[in-house]
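Since the structure comes first, as C-alpha coordinates, the remarks are kept for the end.
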Amino acid sequence: MRKNIVAGNWKMNNDLSQTEALLSALTNQTKTSNAEVMVAPTFPNLYQAFNVLKNTGIEVIAQNMHFAENGAYTGEVSASILKSVGVQTVILGHSERREYFNETDELLAKKVDAALANDMRVIFCFGEELADRKSGNEEAVVESQIKNALFHLEPSAFENIILAYEPVWAIGTGETASPEQAQDMHAFIRKTLADKYGTDIADSVSILYGGSVKPANAQEIFSKPDVDGGLIGGASLKAEDFFAIVNAF
Ligand SMILES: O=C[C@H](O)COP(=O)(O)O
(Lines give C-alpha, C1' and ligand atoms only; values in the text may rest on other atoms or scores of the structure.)
Protein backbone atom coordinates (compact mmCIF):
# COMPACT_ATOMS: atom_id res chain seq x y z
CA MET A 1 0.00 0.00 0.00
CA ARG A 2 1.34 3.39 -0.90
CA LYS A 3 2.45 5.82 1.77
CA ASN A 4 1.70 9.45 2.47
CA ILE A 5 4.94 11.41 2.31
CA VAL A 6 5.84 15.03 2.93
CA ALA A 7 9.36 16.00 1.89
CA GLY A 8 10.99 19.38 2.45
CA ASN A 9 13.42 20.48 -0.24
CA TRP A 10 15.57 23.18 1.27
CA LYS A 11 17.26 23.88 -2.08
CA MET A 12 20.33 26.19 -1.87
CA ASN A 13 19.21 27.83 1.38
CA ASN A 14 20.59 27.98 4.91
CA ASP A 15 24.22 28.11 6.01
CA LEU A 16 25.34 25.91 8.89
CA SER A 17 24.00 28.07 11.70
CA GLN A 18 20.66 28.60 9.92
CA THR A 19 20.49 24.87 9.26
CA GLU A 20 21.15 24.14 12.93
CA ALA A 21 18.36 26.52 13.95
CA LEU A 22 15.90 24.88 11.54
CA LEU A 23 16.92 21.38 12.60
CA SER A 24 16.48 22.32 16.22
CA ALA A 25 13.04 23.80 15.49
CA LEU A 26 12.04 20.59 13.70
CA THR A 27 12.86 18.53 16.79
CA ASN A 28 10.27 20.62 18.68
CA GLN A 29 7.42 19.83 16.29
CA THR A 30 4.78 17.18 16.90
CA LYS A 31 3.57 14.92 14.13
CA THR A 32 -0.11 14.06 14.31
CA SER A 33 -0.49 12.54 10.84
CA ASN A 34 0.59 9.24 9.33
CA ALA A 35 2.87 10.91 6.77
CA GLU A 36 6.50 9.92 6.34
CA VAL A 37 8.58 13.08 6.80
CA MET A 38 11.80 13.89 4.94
CA VAL A 39 14.05 16.93 4.65
CA ALA A 40 16.73 17.63 2.07
CA PRO A 41 19.44 20.04 3.30
CA THR A 42 22.41 21.14 1.19
CA PHE A 43 25.26 18.62 0.88
CA PRO A 44 27.59 20.22 3.49
CA ASN A 45 24.80 20.15 6.06
CA LEU A 46 23.66 16.55 5.57
CA TYR A 47 25.90 15.12 8.25
CA GLN A 48 24.82 17.66 10.84
CA ALA A 49 21.19 17.00 9.91
CA PHE A 50 21.68 13.29 10.57
CA ASN A 51 23.18 14.01 13.97
CA VAL A 52 20.33 16.26 15.06
CA LEU A 53 17.42 14.33 13.52
CA LYS A 54 18.43 10.79 14.51
CA ASN A 55 15.65 9.16 16.53
CA THR A 56 13.12 11.81 15.43
CA GLY A 57 11.60 9.77 12.58
CA ILE A 58 12.47 12.55 10.13
CA GLU A 59 14.51 11.14 7.25
CA VAL A 60 17.40 13.16 5.87
CA ILE A 61 17.58 12.96 2.08
CA ALA A 62 19.72 14.44 -0.71
CA GLN A 63 18.73 16.92 -3.41
CA ASN A 64 20.77 15.41 -6.24
CA MET A 65 23.60 12.99 -7.09
CA HIS A 66 25.83 11.97 -9.97
CA PHE A 67 25.36 8.67 -11.81
CA ALA A 68 29.01 7.59 -11.58
CA GLU A 69 30.22 5.52 -8.64
CA ASN A 70 33.28 7.74 -8.06
CA GLY A 71 36.05 9.45 -10.00
CA ALA A 72 37.02 12.71 -11.66
CA TYR A 73 33.71 14.60 -11.52
CA THR A 74 34.64 17.82 -9.75
CA GLY A 75 31.80 19.23 -7.71
CA GLU A 76 29.68 16.11 -7.83
CA VAL A 77 28.54 13.56 -5.23
CA SER A 78 27.90 9.85 -5.79
CA ALA A 79 25.35 7.46 -4.38
CA SER A 80 27.97 5.59 -2.38
CA ILE A 81 29.28 8.81 -0.80
CA LEU A 82 25.74 9.85 0.11
CA LYS A 83 25.08 6.42 1.55
CA SER A 84 28.25 6.59 3.64
CA VAL A 85 26.76 9.50 5.61
CA GLY A 86 23.40 7.75 5.89
CA VAL A 87 21.38 9.04 2.94
CA GLN A 88 18.88 6.46 1.68
CA THR A 89 16.72 8.63 -0.57
CA VAL A 90 17.60 11.15 -3.27
CA ILE A 91 15.58 13.71 -5.23
CA LEU A 92 16.27 13.42 -8.95
CA GLY A 93 14.98 15.39 -11.92
CA HIS A 94 13.90 18.53 -10.12
CA SER A 95 12.90 21.18 -12.66
CA GLU A 96 15.68 23.45 -11.38
CA ARG A 97 18.22 20.72 -12.22
CA ARG A 98 16.59 20.31 -15.63
CA GLU A 99 16.51 24.06 -16.32
CA TYR A 100 19.78 25.35 -14.88
CA PHE A 101 21.99 22.27 -15.22
CA ASN A 102 20.63 20.89 -18.48
CA GLU A 103 19.59 17.58 -16.99
CA THR A 104 17.81 15.55 -19.65
CA ASP A 105 15.55 12.52 -19.33
CA GLU A 106 18.41 10.38 -20.66
CA LEU A 107 20.83 11.64 -18.00
CA LEU A 108 18.16 11.20 -15.34
CA ALA A 109 17.61 7.59 -16.40
CA LYS A 110 21.28 6.95 -15.61
CA LYS A 111 20.99 8.68 -12.24
CA VAL A 112 17.90 6.66 -11.39
CA ASP A 113 19.76 3.46 -12.30
CA ALA A 114 22.73 4.44 -10.12
CA ALA A 115 20.53 5.23 -7.14
CA LEU A 116 18.58 1.97 -7.43
CA ALA A 117 21.80 -0.03 -7.90
CA ASN A 118 22.88 1.41 -4.56
CA ASP A 119 19.60 0.39 -2.90
CA MET A 120 18.48 3.98 -2.56
CA ARG A 121 14.97 5.33 -2.94
CA VAL A 122 14.35 7.96 -5.61
CA ILE A 123 11.94 10.88 -5.53
CA PHE A 124 11.64 11.42 -9.27
CA CYS A 125 10.40 14.89 -10.25
CA PHE A 126 8.80 16.00 -13.47
CA GLY A 127 6.21 18.49 -14.64
CA GLU A 128 5.19 20.71 -17.51
CA GLU A 129 6.02 24.35 -18.12
CA LEU A 130 3.38 27.05 -18.42
CA ALA A 131 3.57 27.06 -22.22
CA ASP A 132 2.86 23.31 -22.26
CA ARG A 133 -0.25 23.78 -20.16
CA LYS A 134 -1.44 26.75 -22.18
CA SER A 135 -1.16 24.69 -25.35
CA GLY A 136 -2.87 21.69 -23.79
CA ASN A 137 0.28 19.55 -23.94
CA GLU A 138 0.76 18.97 -20.22
CA GLU A 139 -0.13 15.29 -20.27
CA ALA A 140 2.06 14.55 -23.29
CA VAL A 141 5.03 16.30 -21.64
CA VAL A 142 4.59 14.49 -18.34
CA GLU A 143 4.09 11.16 -20.05
CA SER A 144 7.30 11.52 -22.05
CA GLN A 145 9.31 12.58 -18.99
CA ILE A 146 8.15 9.50 -17.10
CA LYS A 147 8.59 7.11 -20.02
CA ASN A 148 12.03 8.36 -21.01
CA ALA A 149 13.52 8.22 -17.52
CA LEU A 150 11.70 5.30 -15.90
CA PHE A 151 10.10 2.89 -18.35
CA HIS A 152 13.29 0.89 -18.87
CA LEU A 153 12.98 -0.26 -15.23
CA GLU A 154 11.85 -3.69 -14.09
CA PRO A 155 8.50 -3.65 -12.26
CA SER A 156 10.19 -4.47 -8.94
CA ALA A 157 12.17 -1.21 -9.13
CA PHE A 158 9.01 0.74 -8.37
CA GLU A 159 9.21 -0.37 -4.74
CA ASN A 160 11.91 2.29 -4.49
CA ILE A 161 10.42 4.99 -6.69
CA ILE A 162 8.37 7.93 -5.42
CA LEU A 163 7.00 10.28 -8.06
CA ALA A 164 6.73 14.05 -7.63
CA TYR A 165 4.58 16.01 -10.06
CA GLU A 166 5.73 19.61 -10.00
CA PRO A 167 4.23 21.90 -12.63
CA VAL A 168 7.06 24.36 -13.29
CA TRP A 169 4.65 27.30 -13.37
CA ALA A 170 3.67 26.60 -9.75
CA ILE A 171 7.16 26.33 -8.23
CA GLY A 172 8.07 29.24 -6.00
CA THR A 173 5.50 31.44 -7.73
CA GLY A 174 2.74 31.39 -5.17
CA GLU A 175 0.51 30.01 -7.92
CA THR A 176 -0.61 26.52 -6.99
CA ALA A 177 -2.24 24.01 -9.27
CA SER A 178 -5.84 23.74 -8.16
CA PRO A 179 -6.61 20.56 -6.23
CA GLU A 180 -8.60 19.42 -9.28
CA GLN A 181 -5.68 20.10 -11.65
CA ALA A 182 -3.36 18.15 -9.33
CA GLN A 183 -5.83 15.27 -9.03
CA ASP A 184 -6.40 15.11 -12.80
CA MET A 185 -2.67 14.93 -13.49
CA HIS A 186 -1.98 12.45 -10.69
CA ALA A 187 -4.74 10.18 -12.02
CA PHE A 188 -3.20 10.45 -15.48
CA ILE A 189 0.24 9.58 -14.08
CA ARG A 190 -1.18 6.54 -12.31
CA LYS A 191 -2.94 5.44 -15.50
CA THR A 192 0.31 5.86 -17.44
CA LEU A 193 2.02 3.59 -14.91
CA ALA A 194 -0.86 1.11 -14.97
CA ASP A 195 -0.80 0.87 -18.77
CA LYS A 196 2.86 -0.16 -18.63
CA TYR A 197 3.20 -2.05 -15.33
CA GLY A 198 -0.33 -2.96 -14.27
CA THR A 199 -2.65 -1.57 -11.65
CA ASP A 200 -1.01 -3.28 -8.65
CA ILE A 201 2.23 -1.40 -9.23
CA ALA A 202 0.49 1.82 -10.26
CA ASP A 203 -1.58 1.76 -7.07
CA SER A 204 1.49 1.11 -4.91
CA VAL A 205 3.53 4.13 -6.02
CA SER A 206 3.27 7.34 -3.99
CA ILE A 207 2.73 10.42 -6.16
CA LEU A 208 3.59 13.72 -4.47
CA TYR A 209 2.50 17.16 -5.61
CA GLY A 210 4.94 20.09 -5.49
CA GLY A 211 4.45 23.75 -6.25
CA SER A 212 3.59 26.46 -3.72
CA VAL A 213 2.10 24.07 -1.16
CA LYS A 214 1.43 26.01 2.04
CA PRO A 215 -0.34 25.33 5.33
CA ALA A 216 -3.40 27.10 3.89
CA ASN A 217 -3.79 24.87 0.83
CA ALA A 218 -2.19 21.55 1.85
CA GLN A 219 -5.28 19.92 3.31
CA GLU A 220 -7.39 20.42 0.20
CA ILE A 221 -4.63 19.21 -2.12
CA PHE A 222 -3.85 16.17 0.05
CA SER A 223 -7.54 15.26 0.23
CA LYS A 224 -7.50 14.25 -3.43
CA PRO A 225 -7.41 10.48 -3.89
CA ASP A 226 -4.32 10.28 -6.10
CA VAL A 227 -2.28 12.88 -4.20
CA ASP A 228 -0.12 11.02 -1.68
CA GLY A 229 1.80 13.95 -0.27
CA GLY A 230 3.94 16.90 -1.17
CA LEU A 231 7.40 18.05 -2.11
CA ILE A 232 7.65 21.35 -0.32
CA GLY A 233 10.09 24.15 -1.12
CA GLY A 234 9.66 27.57 0.48
CA ALA A 235 7.26 26.49 3.21
CA SER A 236 9.67 23.78 4.38
CA LEU A 237 12.12 26.46 5.58
CA LYS A 238 9.91 27.25 8.57
CA ALA A 239 9.47 24.31 10.93
CA GLU A 240 5.97 25.36 12.02
CA ASP A 241 4.73 25.78 8.46
CA PHE A 242 6.33 22.53 7.37
CA PHE A 243 4.72 20.57 10.17
CA ALA A 244 1.38 22.25 9.53
CA ILE A 245 1.67 20.72 6.05
CA VAL A 246 2.84 17.36 7.43
CA ASN A 247 -0.17 17.35 9.73
CA ALA A 248 -2.58 18.32 6.96
CA PHE A 249 -3.21 14.62 6.27
O1 LIG B 1 11.00 20.98 -4.45
C2 LIG B 1 10.05 21.73 -4.18
C3 LIG B 1 9.32 22.41 -5.20
O4 LIG B 1 10.17 22.97 -6.15
C5 LIG B 1 8.27 23.36 -4.72
O6 LIG B 1 8.83 24.56 -4.29
P7 LIG B 1 7.84 25.68 -3.62
O8 LIG B 1 7.07 24.95 -2.56
O9 LIG B 1 8.75 26.72 -3.08
O10 LIG B 1 6.95 26.13 -4.72
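Just follow the structure's listing: the first ligand is 1, and inside any ligand the first atom is 1. Please read these numbers as outputs of a predicted model, since none were measured by experiment.
Look at K11 and you'll find a heavy atom under 4.0 Å from some atom of ligand 1.
The part of A170 lying near ligand 1 is the backbone, judged by heavy-atom distances below 4.0 Å. If you look at N9 next to ligand 1, the close heavy atoms, those under 4.0 Å, all belong to the side chain.
Checked by distance only, ligand 1 and H94 come closer than 3.5 Å through their nitrogen or oxygen atoms. At least one N or O atom of G233 sits closer than 3.5 Å to an N or O atom of ligand 1. Taking only nitrogen or oxygen atoms, main chain and side chain alike, G234 reaches within less than 3.5 Å of ligand 1. Ligand 1 has no nitrogen or oxygen under 3.5 angstrom from a nitrogen or oxygen of E96.
Side-chain polar atoms of D132 and N137 form no donor-acceptor pair below 3.5 angstrom. Using modelled atom types and a 3.5 Å distance limit, the side chains of K111 and N64 yield a donor-acceptor pair. E128 and W169 share a donor-acceptor pair across their side chains, judged by distance under 3.5 Å alone.
Protein heavy atom in closest approach to atom 3 (C) of ligand 1: E166 OE2, 2.9 Å.
Contact check on R98 versus E103 returns no salt bridge, with no Lys/Arg side-chain nitrogen under 4.0 Å from an Asp/Glu carboxylate oxygen.
Side-chain contact between R2 and D203 is present, with at least one heavy-atom pair separated by less than 4.5 Å.
By the neighbour-count criterion of 12 heavy atoms within 6.0 Å, atom CD of Q18 is densely surrounded, having more than that number from other residues, nucleotides or ligands.
Ring pair Y165/H186 is perpendicular by interplanar angle, where above 60° counts as perpendicular and below 30° as parallel.
In this structure, F151 has its ring center under 6.0 Å from that of Y197.
Every atom of ligand 1 with a heavy atom of I171 under 4.0 Å away is listed here by number and element: 4 (O), 6 (O), 10 (O). Short contacts between ligand 1 and G172, defined as distances under 4.0 Å to a heavy atom of the residue, involve ligand atoms 7 (P), 9 (O), 10 (O). If you number the atoms of ligand 1 from 1 as listed, the ones under 4.0 Å from a heavy atom of G211 come out as 5 (C), 10 (O).
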